[in-house]
J.: 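Okay, handing you the structure first.
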Amino acid sequence: MAALAETEALLGEPRFNWSDPAPWMDLEQEFGIEFPADFREIVDAYGSIEINGQLYLNHPAGHLLHSLGEQIRGDLEFWREEDMAEFLPSPVGANPGELMPVATATTGEAVFLRVPDDPSSAWRVVVQEFDSPAWTLYVMTFGEWLVAYLRGEDVTVCSRNRAPDRPFYEFLP
């Protein structure tokens, strides 16, 4: 996919390179959705990482300390609380139009994938700023959004000041 190639060109060679689909199948069965291919491909290539000391991506493999499944379960519970739900454009969950939490940032943003209204529609990215009630819908795929972030574009989470030389990543412990 183009998104992975562009991500590699900006972020560097991935070193996780997961090939077993079982963790994704378990996660998708649990939530009743199929995660977008570009998101899966990028996460399979890089694993659970912190990008630019700011953006956290997690892989669903259960043996990892930072598991996507655990993150999603916790974030769904958090965002379903009455006083938090008002800060999002739609409910969290796996139904059409709902938001699936998939990443967080040390700077206080939460990154969601918006479940398409129908199977032929594309997934979109919503970013919520924790320090304000603001959220932004990006009419782009996760891969497009991540590439924009890595280029230093302002996609609510912005890397310009965190990676002035070039984007970098580290595995999460």
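Residues: numbered from 1 along the sequence shown.
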J.: Please examine the side chains of Thr7 and Tyr46, heavy atoms only from C-beta on, and report whether any two atoms are closer than 4.5 Å.
T.: yes
J.: Would you indicate whether the side-chain heavy atoms of Leu68 and Gln71 approach each other to under 4.5 Å?
T.: yes
J.: Evaluate the side-chain proximity of Leu88 to Gln128: yes if any heavy-atom separation is below 4.5 Å, no if none is.
T.: yes
J.: Quick check: do Leu55 and Glu50 have side-chain heavy atoms less than 4.5 Å from each other?
T.: no
J.: Give the table of side-chain donor-acceptor pairs shorter than 3.5 Å for residues 8-18, with sequence neighbours excluded, one pair per line with atom names and distance.
T.:
residue	atom	partner	partner atom	Å
Asn17	ND2	Pro14	O	3.4
Trp18	NE1	Asp20	O	2.6

J.: Examine Tyr169 and Leu172 and state if one hydrophobic cluster contains both, with Ile, Leu, Val, Met, Phe, Trp and Tyr joined whenever side-chain heavy atoms are less than 4.5 Å apart.
T.: no
J.: In the structure I gave you, are the side-chain heavy atoms of Phe35 and Glu28 within less than 4.5 Å of one another anywhere?
T.: yes
J.: What pair of heavy atoms forms the shortest contact from Asn58 to Ser67, and how long is it?
T.: CB-C, 3.9 Å
J.: Go through the steps for Ser48 and Tyr56 under the test side chain to side chain donor-acceptor pair (under 3.5 Å), then give the verdict.
T.: CA-CA 7 Å; Ser48 293; Tyr56 294 103; over 6 Å; no
J.: Checking Ser90 now: which residues fulfil side-chain contact (heavy atoms from CB on, under 4.5 Å) with it, not counting sequence neighbours?
T.: Leu99
J.: Show the nearest heavy-atom pair for residues Pro60 and Val43, with the distance to one decimal.
T.: CD-CG1, 4.2 Å
J.: Are more than 12 heavy atoms, taken from residues, nucleotides or ligands other than Glu30, located less than 6.0 Å from that residue's CD atom?
T.: yes
J.: Are the side chain of Asn52 and the backbone N or O of Phe168 linked by a donor-acceptor pair below 3.5 Å?
T.: yes
J.: Would you check if the side chain of Thr136 reaches a backbone N or O of Val127 as a donor-acceptor pair within less than 3.5 Å?
T.: no
J.: Taking only residues two or more places apart in sequence, or in another chain, which ones meet Asp44 in a side chain to side chain donor-acceptor pair (under 3.5 Å)?
T.: Trp24, His59
J.: Can you list everything that forms a side-chain contact (heavy atoms from CB on, under 4.5 Å) with Arg166? Sequence neighbours excluded, please.
T.: none
J.: Any sub-3.5 Å donor-acceptor pair from Glu98's side-chain atoms to Asn95's backbone N or O?
T.: yes
J.: Show me the pairs that pass side-chain hydrogen bond (donor to acceptor under 3.5 Å, both in side chains) and involve residues 99-118, at least two apart or across chains.
T.: Gln54-Thr107, Thr107-Glu109, Arg114-Asp117, Asp118-Ser120, Asp118-Ser121
J.: Shortest non-hydrogen contact from Ile51 to Tyr149?
T.: O-OH, 3.5 Å
J.: Which residue pairs pass the ring pair (Phe, Tyr, Trp, His ring centres under 6.0 Å) test with at least one member in residues 101-136, sequence neighbours excluded?
T.: Phe78-Phe130, Trp79-Phe112, Trp79-Phe130
J.: Verify, without hydrogens or angle tests, whether Arg73 (side chain) and Gly69 (backbone) share a donor-acceptor contact under 3.5 angstrom.
T.: yes
J.: Go through Asp75 and Val102 one step at a time and tell me if the side-chain contact (heavy atoms from CB on, under 4.5 Å) criterion holds.
T.: CA-CA 9 Å; Asp75 286 351; Val102 295; over 6 Å; no
J.: Flag the pair Pro101 / Val111 as yes when at least one side-chain heavy-atom distance between them is below 4.5 Å, and no otherwise.
T.: no
J.: Minimum heavy-atom separation for Gly143 and Asp38, please, with both atom names.
T.: N-OD2, 2.6 Å
J.: Would you say the side chain of Trp145 lies within less than 4.5 Å of the side chain of Val157, judging by non-hydrogen atoms?
T.: yes
J.: Looking at every non-hydrogen atom in both residues, tell me the closest pair between Leu137 and Arg124 and how far apart they are.
T.: CD1-CB, 3.8 Å
J.: Under 4.5 Å between side-chain heavy atoms, hopping through other hydrophobics if needed: is there a path connecting Phe171 to Leu150?
T.: yes
J.: Take Met100 and Ile33 through the side-chain contact (heavy atoms from CB on, under 4.5 Å) test and state the conclusion after the steps.
T.: CA-CA 10 Å; Met100 182 60 64; Ile33 60 171; 3.8 Å; yes
J.: Kindly check if the number of other-residue, nucleotide or ligand heavy atoms within 6.0 Å of CD (Glu81) is above 12?
T.: yes
J.: Which atoms form the tightest heavy-atom contact between Val115 and Ala94, and what is the distance?
T.: CG1-O, 3.7 Å
J.: Between Phe142 and Leu57, is there a side-chain heavy-atom distance shorter than 4.5 Å?
T.: yes
J.: Going from CE on Met140 to CG on Leu146, what distance comes out if it is rounded to the nearest 0.5 angstrom?
T.: 11.0 Å
J.: Is it the case that the side chain of Gln29 and the backbone of Asp26 share a donor-acceptor pair, with hydrogens and angles ignored and the cut-off at 3.5 Å?
T.: no
